[in-house]
Amino acid sequence: MNVDLLSRPAEEVAPRLLGSVLTCETSEGTVRIAVTETEAYAGTADPASHAYRGRTPRNAVMFGPAGHLYVYRSHGLHWCANVVTGQDGIASAVLIRAGRVVEGEDLARERRGERVESPRLARGPGNFCQALGITGEHNGANLLTGGPVMLSEGEPVPAAHIRVGPRVGVSKAHDWQHRFYLAGDPTVSAYRLSPRAKPSAGA
DNA sequence: CGAATGATATGCT
DNA sequence: GCATATCATTCGC
């Protein structure tokens, strides 16, 4: 994956990450997942971003150079993974919301549960990380230098298949058109409006 | 130092 | 559809 591509604002990078492949190697084995759904978080200008209130120990990675992984824990039990984008010093990241397992499906299913159907293995941010094997240990990992977690180009996605919509699950600025996904793909999480969603201004 | 909150997923009503 | 699990981070006092 080219770092120049990632060095643009999150909302530009997010649609271009569709189809790219995340690889995670652990002692258990290797899982590769093709990204089918992303969400852009525009740093300090975005009320829904963790970086909205400025730099903190947790979100520091988002302020760093593009091509690193920002992992955080949600609701005490799920891990969520972001690809850091934009320029060094400016908070910007793309949340990976869903994907399709292309290698290591057995291992992914072992982690997620035997009864989980293939399209659901990596559907939703928490499930995606669980299937891939991402944990807090991977926070800050460089995705471009051949570490245990890697981001690589996948099969090109036709622009006509890309859809844009409002973000999922956020309590603020949910109506920003910052969620990108592949039309009709069964691995894309169903759209749900946040229970706390309120109208807001913005792009 | 205590309290509230959250970019979720699942299971039961 | 709604409640609930469960904890690190953040913010208020």
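Reminder, nothing fancy here: chain letters follow the sequence lines and each chain counts from 1. All figures in this text were calculated on a predicted structure; none of them were measured in a lab. As a basis for the values below, the full set of heavy atoms in this structure was taken, side chains included, without hydrogen atoms, waters or symmetry mates.
Under 3.5 Å, the side chains of A:Ser118 and A:Arg100 contain no donor-acceptor pair of N or O atoms. For the residue pair A:Asn59 and A:Thr56, a side-chain donor N or O sits within less than 3.5 Å of a side-chain acceptor on the partner.
Within 4.0 Å (heavy atoms only), A:Arg120 reaches no atom of the nucleic acid at all.
Protein atom CZ of A:Arg53 is 16 Å distant from nucleotide atom P of B:dA4, rounded to whole Å. Distance CZ (A:Arg97) to C1' (B:dT8): 9 Å, rounded to an integer number of Å. A:His78 places its NE2 atom 8 Å from the C1' atom of B:dT10, with the value rounded to the nearest Å. One atom, CG of A:Leu77, and another, P of B:dA7, lie 14 Å apart when rounded to the nearest Å.
Within the cation-pi definition used here (under 6.0 Å to the ring centroid, within 45° of the axis), A:Arg16 does not qualify as a partner of A:Phe180.
Within the 4.0 Å cut-off from OP1 or OP2 of B:dA7, at least one side-chain nitrogen or oxygen of A:His50 is found. Contact annotation: A:Ser49 does not reach the phosphate of B:dA7 (side-chain N/O to OP1 or OP2, under 4.0 Å). Within the 4.0 Å cut-off from OP1 or OP2 of B:dA7, not a single side-chain nitrogen or oxygen of A:Ser74 is found.
The partner of B:dA7 is absent, by the rule that a Watson-Crick or G-U pair needs both atom distances under 3.5 Å.
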*asked:* Apply side chain to side chain contact (heavy atoms under 4.5 Å, CB included) to residues A:Arg179 and A:Glu37 and explain how you reach the verdict.
replied: CA-CA 7 Å; A:Arg179 172 175 176 252; A:Glu37 182 183 1; 2.7 Å; yes

*Test log, rule side chain to side chain contact (heavy atoms under 4.5 Å, CB included), inputs A:Tyr41 and A:His178*: CA-CA 8 Å; A:Tyr41 284 89; A:His178 275 18; over 6 Å; no

*Do A:Val21 and A:Ile33 pass the side chain to side chain contact (heavy atoms under 4.5 Å, CB included) test, and can you show the C-alpha distance, the side-chain angles, and the key distance before you say yes or no?*
CA-CA 5 Å; A:Val21 175; A:Ile33 301 183; over 6 Å; no

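Taking a 6.0 Å sphere around CZ of A:Arg8, one finds it holds 12 or fewer heavy atoms contributed by other residues, nucleotides or ligands.
Partner of A:Val149 under the side-chain contact (heavy atoms from CB on, under 4.5 Å) criterion, chosen from A:Asn142, A:Ile134, A:Val71, A:Thr23: A:Ile134.
Scanning residues 125-138 of chain A for heavy-atom distances under 4.0 Å to DNA chain B yields A:Pro125, A:Gly126, A:Asn127.
Close placement of the A:His50 and A:Tyr72 rings is indicated, their centers lying within 6.0 Å of each other.
Contact footprint of chain A on DNA chain C: nucleotides with an atom under 4.0 Å from a non-hydrogen protein atom, first to last in 5' to 3' order, C:dA5 to C:dC11.
Remark: ring of A:His75 overlaps the six-membered base ring of B:dG6 in a stacked fashion, centroids less than 5.5 Å apart, planes less than 30° apart.
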